Amino acid sequence: MAKEASPGIQTTTPKPQTSHIPLFFKKLVQQRVLLLMSAPFLIWLFIFKYLPLWGWTIAFQDFKPAKSFSDQKWVGFEHFKMLFQDEKFIQVLRNTLAMSTINLVLGFVTAIVLALLLNELRFVLFKRLVQTVSYLPHFISWVVAANIIATALSPDNGIVNELLMWLGVIKEPILFLGIPEYFWGINGLSEVWKNVGWNTIVYLAAMTMIDPAQYEAAEIDGAGRIQRIWHITLPGIKPVIIVLLIMNIGYLLESGFEPQYLLGNGMNVDYSENLDIFVLKYGIAMGNFSLSVAAGMFKTVISFILLFAANYTAKRMGESRLF
Amino acid sequence: MANIMTSNTASTEGKKRRLRGGGRYGSLGDRVFDTCNIIFMLLLMVVTLYPFVNTLAVSLNNATDSIRGGIYLWPREFTLQNYSYVFNEATILGATFISIMRTVIGTIVTVFCSAMVAYTISRPDFVLRKFITIAFILTMYFNGGLIPNFLLIRDLGMINSFWVYIIPGIIGVFNLIIIRSFIEGLPESILESARIDGAGDFTTFAKIVLPLSLPVLATVALFTAVWQWNSWFDVFLYNSSEIKLSTLQYELQKILQNSNASMSAKSAGDAFANADNANANMVTPFSIRATMTIVASVPIILVYPFLQKYFVKGMTVGGVKG
């Protein structure tokens with residue numbers, strides 16, 4: 001058996017009667033340095049990434065932190081039932097889906113448009129300057145960004161209010177972050193402000209792959225700038241757009257946590273609170289561990305399915321999968 | 001921002017473009033398009049930069065004067081008082097120190113550990129190669145979630161310790177993947193000759209692979225450093241009762257939270273709890289907020305333009321390999 005399975009290894013392990021298992025260990029001993037280099041991190045991986053999955057049992061218990069595991073009361077799917085009867089949870093789910101959809105659409109359209117326009121800039125130095133500046137907000141933390149956004153939207157001398165009053169659009173300053181219905185839009189635009197420049201990178205890289213001969217041919221045929229963008233550049237980056245779109249659908253329940261948490265307040269809570277904040281509030285602040293874990297588990301399981309489906313679809317379409 | 005020479009992926013594309021433009025600047029429609037495009041780009045830069053410039057101006061302006069409003073691009077009554085106040089607070093000084101420590105230590109540890117694991121899974125004959133790769137990649141699809149992670153950290157006794165900033169994040173799967181694909185791209189002959197000279201796996205890794213992988217390690221180091229510097233949630237979750245382990249971002253987050261709360265309560269009076277009464281005349285919550293915002297973002301603003309090409313490379317390489 002070993003003979004036919006590993007003819008190459010025969011030279012180093014000349015015993016024909018070795019079966020697969022001892023061979024595996026023999027190789028492992030030979031590669032003990034590699035093993036020593038990776039084993040500590042396998043243990044780390046197990047503790048920090050796989051062990052917490054055990055915590056999902058909490059969702060099926062009436063968890064009391066003081067009790068040991070064997071003393072916990074098992075309640076089955078009770079907490080999941082409670083979750084779906086909880087109006088707050090339904091609201092939070094709505095907010096999550098709404099904000100991630102808005103972010104998805106807004107983020108895609110703005111990044112593609114900006115990439116197309118950047119690609120049309122003739123002066124290379126100017127183009128690089130714009131790119132460098134547009135990356136800036138991506139690198140700063142959400143805490144800094146939220147501070148900046150809250151200041152800009154403030155009714156006391158905030159630049160947005162001042163600008164709108166100067167233009168005569170409004171007469172009185174608006175407390176933007178105090179109006180619940182505005183929150184989804186503010187959140188979406190904040191996301192665009194922070195990441196639009198950064199998100200152009202992938203598209204600009206894809207545009208460099210387009211054959212310049214296509215543009216020359218189009219120019220000779222008398223196609224204008226807009227026509228060239230529409231008929232050459234856009235179709236040229238279509239595969240990248242499709243793959244990114246599919247992958248992003250996989251992250252539909254990941255509407256973000258930091259902007260909502262940092263810009264959210266008592267007044268806009270009905271529209272700003274999403275699944276992640278719900279988990280944090282119920283678990284850490286209110287100590288209702290079981291319900292919180294049930295909500296977190298719900299999110300992870302759906303995300304897992306979505307991501308695998310997205311990955312599979314992207315692969316089926318013959319594109320290189322992202323992860 | 002002054003550094004516009006930093007190259008990026010678009011440079012080759014720029015050349016192609018000039019070739020095809022052939023020096024002709026085209027019709028009237030073309031010129032209208034270009035002008036609109038340039039105006040749009042200028043507007044974009046203003047929208048991006050103005051908030052930072054404005055925050056800087058407020059932080060350099062007399063605090064009581066700032067309340068009157070009307071500060072836009074430069075300070076009206078220049079002063080460094082806000083900065084001297086901030087840096088005389090023991091809390092802020094300590095937080096700055098911890099922020100720097102977690103960025104430096106966290107980056108070194110992450111880069112070294114990620115590179116080491118990446119090296120082992122780049123060895124084609126390593127028997128555990130597939131197993132380790134899959135074990136790591138699977139974790140991109142799920143995680144235990146907030147509460148199980150919190151309970152784990154608590155049970156490990158890492159609440160209120162500095163190491164909670166370092167150990168849970170020593171290896172990122174994304175980093176692992178981009179380092180691995182870089183190492184796989186190194187010429188096998190170099191590694192082979194090291195082995196013939198009698199170098200073991202660890203020596204080959206430390207003496208040959210690490211120095212040759214500097215470009216990708218720089219990329220990973222930058223991603224990690226920015227992430228460490230910007231983190232605040234782990235401070236909030238695990239170390240919020242230990243003020244000695246607070247970071248700049250978390251201190252800024254608390255200030256923001258206070259001003260949010262005061263907005264909902266409609267009482268702007270005692271928003272900044274840390275400002276004692278003796279200083280109340282000299283600094284205001286508004287100015288402190290601006291000053292802290294600048295302090296928390298300046299290291300990044302100063303550094304990122306020079307390192308942009310590494311980030312961009314990481315984005316384009318990491319984006320397609322899996």
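Just so we're clear, the structure is a prediction, and the values are computed from it rather than from any experiment. So that the names make sense, note that chain A is the first sequence line, chain B the second, and so on, each numbered from 1.
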Worksheet, complete the sentence: Rounded to the nearest 0.5 Å, the CG atom of B:Asp201 sits from the CD atom of A:Gln30 at a distance of 11.5 Å
Worksheet item: What distance separates A:Leu136 CG from B:Met45 CE, expressed to the nearest 0.5 Å?
Response: 12.5 Å
Worksheet entry | Derivation and outcome, side chain to side chain contact (heavy atoms under 4.5 Å, CB included), residues B:Tyr141 and A:Asn311 | CA-CA 11 Å; B:Tyr141 292 98; A:Asn311 207 339; 2.5 Å; yes
Practice prompt. Run the salt-bridge test on B:Asp34 and A:Arg225 with the 4.0 Å N-O cut-off and return the result as yes or no.
Written response: yes
Discussion item. Out of A:Tyr282, A:Phe289, A:Trp56, A:Trp193, return the one with the most heavy atom pairs under 4.5 angstrom to chain B.
Written reply: A:Trp193
Discussion item. Is A:Phe63 close to chain B through its backbone or its side chain, or both, or neither, when contacts mean heavy atoms under 4.5 Å?
Written reply: side chain
Fill in: Interatomic distance, A:Ser38 atom OG to B:Ile121 atom CD1 [nearest 0.5 angstrom]
9.5 Å
Worksheet entry | Contact winner vs chain A - B:Phe52, B:Phe205, B:Phe40, B:Trp229, heavy-atom pairs under 4.5 Å | B:Phe52
Practice prompt. Step by step, work out the side chain to side chain contact (heavy atoms under 4.5 Å, CB included) result for A:Leu280 and B:Phe236.
Written response: CA-CA 12 Å; A:Leu280 180 71; B:Phe236 163 73; 4.1 Å; yes
Worksheet entry | Heavy-atom proximity to chain B below 4.5 Å, by part of A:Leu35 | both
Worksheet item: For chain B, which of A:Phe48, A:Phe46, A:Phe308 has the most heavy-atom pairs under 4.5 Å?
Response: A:Phe48
Fill in: Closest non-hydrogen atom pair between A:Ile229 and B:Phe33, with its separation
CD1-CZ, 3.8 Å
Response to the item:
Nearest heavy-atom contact between A:Trp44 and B:Ile171 is CH2-O, 3.4 Å
Discussion item. Which one wins on heavy-atom pair count under 4.5 Å against chain B: A:Leu28, A:Val33, A:Leu262, A:Val202?
Written reply: A:Leu262
Item to complete: Examine whether an atom of A:Ile148 lies under 4.5 Å from a heavy atom of chain B, and if so say whether it belongs to the side chain, the backbone or both; otherwise answer neither.
Response: side chain
Worksheet item: With no hydrogens and no angle check, is any side-chain donor or acceptor of B:Tyr72 less than 3.5 Å from a backbone partner on A:Ile159?
Response: no
Item to complete: If the plane angle is over 60° it's perpendicular, under 30° parallel, otherwise tilted; pick one for B:Phe223 and A:Trp198.
Response: perpendicular
Practice prompt. With a 4.5 Å cut-off on heavy-atom pairs, point out which of B:Ile300, B:Leu138, B:Val303 contacts chain A the most.
Written response: B:Ile300
Discussion item. Applying side chain to side chain contact (heavy atoms under 4.5 Å, CB included) to A:Glu258 and B:Phe233, what does each step give before you reach the verdict?
Written reply: CA-CA 9 Å; A:Glu258 294 191 50; B:Phe233 190 65; 5.9 Å; no
Worksheet item: Where do B:Phe142 and A:Lys49 come nearest, in terms of heavy atoms and distance?
Response: CE1-O, 4.1 Å
Worksheet item: Hey, does A:Tyr135 have a side-chain heavy atom less than 4.5 Å from the side chain of B:Val312?
Response: yes
Worksheet item: Which heavy atom of A:Pro52 sits nearest a heavy atom of B:Gly144, and at what distance?
Response: CB-CA, 4.0 Å
Worksheet entry | Top contributor to chain B contacts, counting heavy-atom pairs under 4.5 Å, from A:Asp276, A:Asn147, A:Thr57 | A:Asn147
Worksheet item: Pick from A:Leu45, A:Asn157, A:Leu42, A:Val279: which one has the most heavy-atom pairs with chain B under 4.5 Å?
Response: A:Leu45
Worksheet item: CG/B:Asn143 to OG1/A:Thr300 distance, rounded to the nearest 0.5 angstrom?
Response: 5.0 Å
Item to complete: Please report the shortest heavy-atom distance between B:Gln253 and A:Val143, naming the atom on each side.
Response: N-CG1, 3.6 Å
Item to complete: Could you walk me through whether B:Tyr119 and A:Leu34 pass the side chain to side chain contact (heavy atoms under 4.5 Å, CB included) test, one step at a time?
Response: CA-CA 9 Å; B:Tyr119 172 74; A:Leu34 284 176; 3.8 Å; yes
Worksheet, complete the sentence: In short, A:Leu118 meets B:Met41 closest at the heavy-atom pair N-CE, 3.6 Å
Item to complete: Name the option with the most non-hydrogen atom pairs under 4.5 Å to chain A; the candidates are B:Phe202, B:Tyr50, B:Phe126.
Response: B:Phe126
Discussion item. Shorter than 4.5 Å, heavy atoms on both sides: which option in A:Val293, A:Val130, A:Leu117, A:Ile58 has the most such pairs with chain B?
Written reply: A:Leu117
Worksheet item: Tell me, side chain or backbone of B:Val226 under 4.5 Å from chain A's heavy atoms, or both, or neither?
Response: side chain
Worksheet entry | Part of A:Ile47 lying under 4.5 Å from any heavy atom of chain B | both
Worksheet, complete the sentence: Among B:Ile170, B:Ile71, B:Val58, B:Ile67, the residue with the most heavy-atom pairs under 4.5 Å to chain A is B:Ile170
Discussion item. Is A:Leu51 in contact with chain B via its backbone, its side chain, both, or neither, using a 4.5 Å heavy-atom distance?
Written reply: side chain
Discussion item. Would you say that more than 12 heavy atoms from the other residues, nucleotides or ligands in this model lie under 6.0 Å from the CZ of B:Arg154, or not?
Written reply: yes
Fill in: Residue pair A:Leu53 / B:Pro148, side-chain heavy-atom distance below 4.5 Å
no
Discussion item. Between B:Leu252 and chain A, with a heavy-atom cut-off of 4.5 Å, which part of the residue counts as in contact: side chain, backbone, both or neither?
Written reply: both
Practice prompt. Please tell me if the side chains of B:Asn230 and A:Ile140 come closer than 4.5 Å, counting only heavy atoms from C-beta onward.
Written response: no
Practice prompt. Could you check whether the rings of A:Phe257 and B:Trp232 sit parallel, tilted or perpendicular, using 30° and 60° as the cut-offs?
Written response: parallel
Worksheet entry | Main-chain N/O of B:Leu128 paired with A:Gln31 side-chain donor or acceptor, under 3.5 Å | no
Worksheet item: When you look at CZ of A:Phe304, are more than 12 heavy atoms from neighbouring residues, nucleotides or ligands closer to it than 6.0 Å?
Response: yes
Discussion item. Report which part of B:Ile167 has an atom under 4.5 Å of a heavy atom belonging to chain A: side chain, backbone, both, or neither.
Written reply: both
Practice prompt. Check whether more than 12 heavy atoms from other residues, nucleotides or ligands sit under 6.0 Å from atom CZ of A:Phe126, and answer yes or no.
Written response: yes
Worksheet item: Taking the side chain from B:Tyr304 and the backbone from A:His138, do they hold a donor-acceptor pair closer than 3.5 Å?
Response: no
Worksheet entry | chain A contacts, top residue of B:Ala296, B:Ser297, B:Pro168 (heavy-atom pairs, under 4.5 Å) | B:Pro168
Worksheet item: Out of B:Ile153, B:Thr55, B:Leu152, which one racks up the most heavy-atom pairs below 4.5 Å with chain A?
Response: B:Leu152
